[in-house]
Amino acid sequence: MTDTAHPLVRTAHRLADGLLLPEAERVDREGMPRSHVEAVKRSGLLGVVAPVAYGGSGAPPAVLRETAEILAGACCSTWFVQTQHHTPVQTLAQSEGPVRERLLGPLSRGELLSGVAYAHLRAYPRVPVRVRREGDDLRFDGTVPWYTGWGLNDVMLLAGVSEAGEAVFAFVEARDQPGLRASWPLRLAALTAASTVSLELDGLRVPEEAVALRTPYERWAPGDRARTLNANPAVFGVARAALSLLDEEFAGPLAARLTDVRRRAYALADQPAPLERVAERLAVRAEAYEVLGAATTAAVTAGGGRAMSLTSRPQRLAREGLFLLVQGQTTETRRAHLRALTAERGRSADGVGATNQPGTTDPAEP
């Protein structure tokens, strides 16, 4: 069975074409309705990589990538809310605590939707969220600067760092409660509909049995780094959506570039050693963003003045492309991308600028 023929890929296409794409501009302006969340829950897509024994599909990573492209190309806000869910599922699948039996089934079957609150761990050794024991419970204090899906998620996977330098991940209900208070939803240039807030933690008590993972930070960090080195499938989905708005004369050359960089990005993602060939991964990642920018700029250009309307698809895709530039960004990926953007291009003998062929430069190196 090819990835395209997988049942969940067909499901993603039906959801995208029947609901997400027709409503995307309205959702972008007015926010995500509960009906979108319920449709995603019913679709089975929340369990795409979840264990079959718990009600999931156990599909390979290629199917997860393909469905992500489809959803992101239709409505990036909906993609962004649901994509948070897969990390809690994968974390629980590897957990041995009691929370696995309590939540893995409901999350795998789409009965519950989970968000994540752990990107702040990347600030280490600065510790935005601290965890310490208080009686039989754990106490979380600090600030989560970025949490997506507030008011849409049922639970969240919350992380902090203990006094012993451990990364501690625990599940809590995604609602205001003693010790947990959310800000008003942030107004963003793109994906405001994904309902992103900051969270203030002031003595949030979490029972020990809610812990899904406790591990030394130094052991957790390499795996997290590996996830940030590769191109995000949403980049290809949004770029493909932008190209669909162009005449073939202009879409063709960009589509060929997109297909090529996508092939190389996924070949790297499938390598068994995720922290090898780092410079190549970062170069391909930056190249994917370059194609995304070209595709969304071309869509706006083709749309003319009409593309400036908030009801216009090209400008929404262009703003979503800007969002993807910084989503999941780390210091390492930021510097590599900036080097790629500012790298001196090769010049022909007559002085006319000539762009290097893809893959011939290494933007991750000084």
Side-chain touch Arg65/Asp270, heavy atoms, less than 4.5 angstrom =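 Side-chain contact under 4.5 Å: yes.
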
Is [X] salt-bridged to [Y], going by a charged N under 4.0 Å from an acidic O?
| X | Y | value |
| --- | --- | --- |
| Arg262 | Glu66 | yes |
| Arg139 | Asp141 | yes |
| Arg313 | Glu320 | no |

Which atom of Arg319 lies closest to which atom of Ala190, heavy atoms considered | O-CB, 3.3 Å

State whether a side-chain donor-acceptor pair under 3.5 Å links [X] with [Y].
| X | Y | result |
| --- | --- | --- |
| Tyr147 | Asn153 | yes |
| Thr196 | Thr148 | yes |
| Arg225 | Thr228 | no |

Taking the six-membered ring of Phe169 (Phe, Tyr or Trp), confirm whether the NZ or CZ of Arg214 is under 6.0 Å from its centre and within 45° of its axis.
->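 Pair Arg214/Phe169 does not count as cation-pi.
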
Would you mind writing out the side-chain donor-acceptor pairs for residues 52-60 within the sub-3.5 Å range, not counting sequence neighbours?
from: Tyr54; atom 1: OH; to: Arg100; atom 2: NE; distance (Å): 3.2
from: Tyr54; atom 1: OH; to: Glu101; atom 2: OE1; distance (Å): 3.3
from: Tyr54; atom 1: OH; to: Glu101; atom 2: OE2; distance (Å): 2.6

Going from OG1 on Thr311 to CZ on Arg306, what distance comes out if it is rounded to the nearest 0.5 angstrom?
-> 11.0 Å

If you measure from NE2 on His86 to CD on Gln82, what distance do you get to the nearest 0.5 Å?
-> 4.0 Å

So, the side chain of Thr296 versus the backbone of Leu292: is there a donor-acceptor pair under 3.5 Å, distance only?
-> yes

May I ask you to decide if Trp79's main-chain N or O and Thr83's side chain share a donor-acceptor pair within less than 3.5 Å?
-> no

Using ring pair (Phe, Tyr, Trp, His ring centres under 6.0 Å) as the criterion, list what pairs up with Tyr289, not counting sequence neighbours.
->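 Checked Tyr289 against ring pair (Phe, Tyr, Trp, His ring centres under 6.0 Å); matches are His337.
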
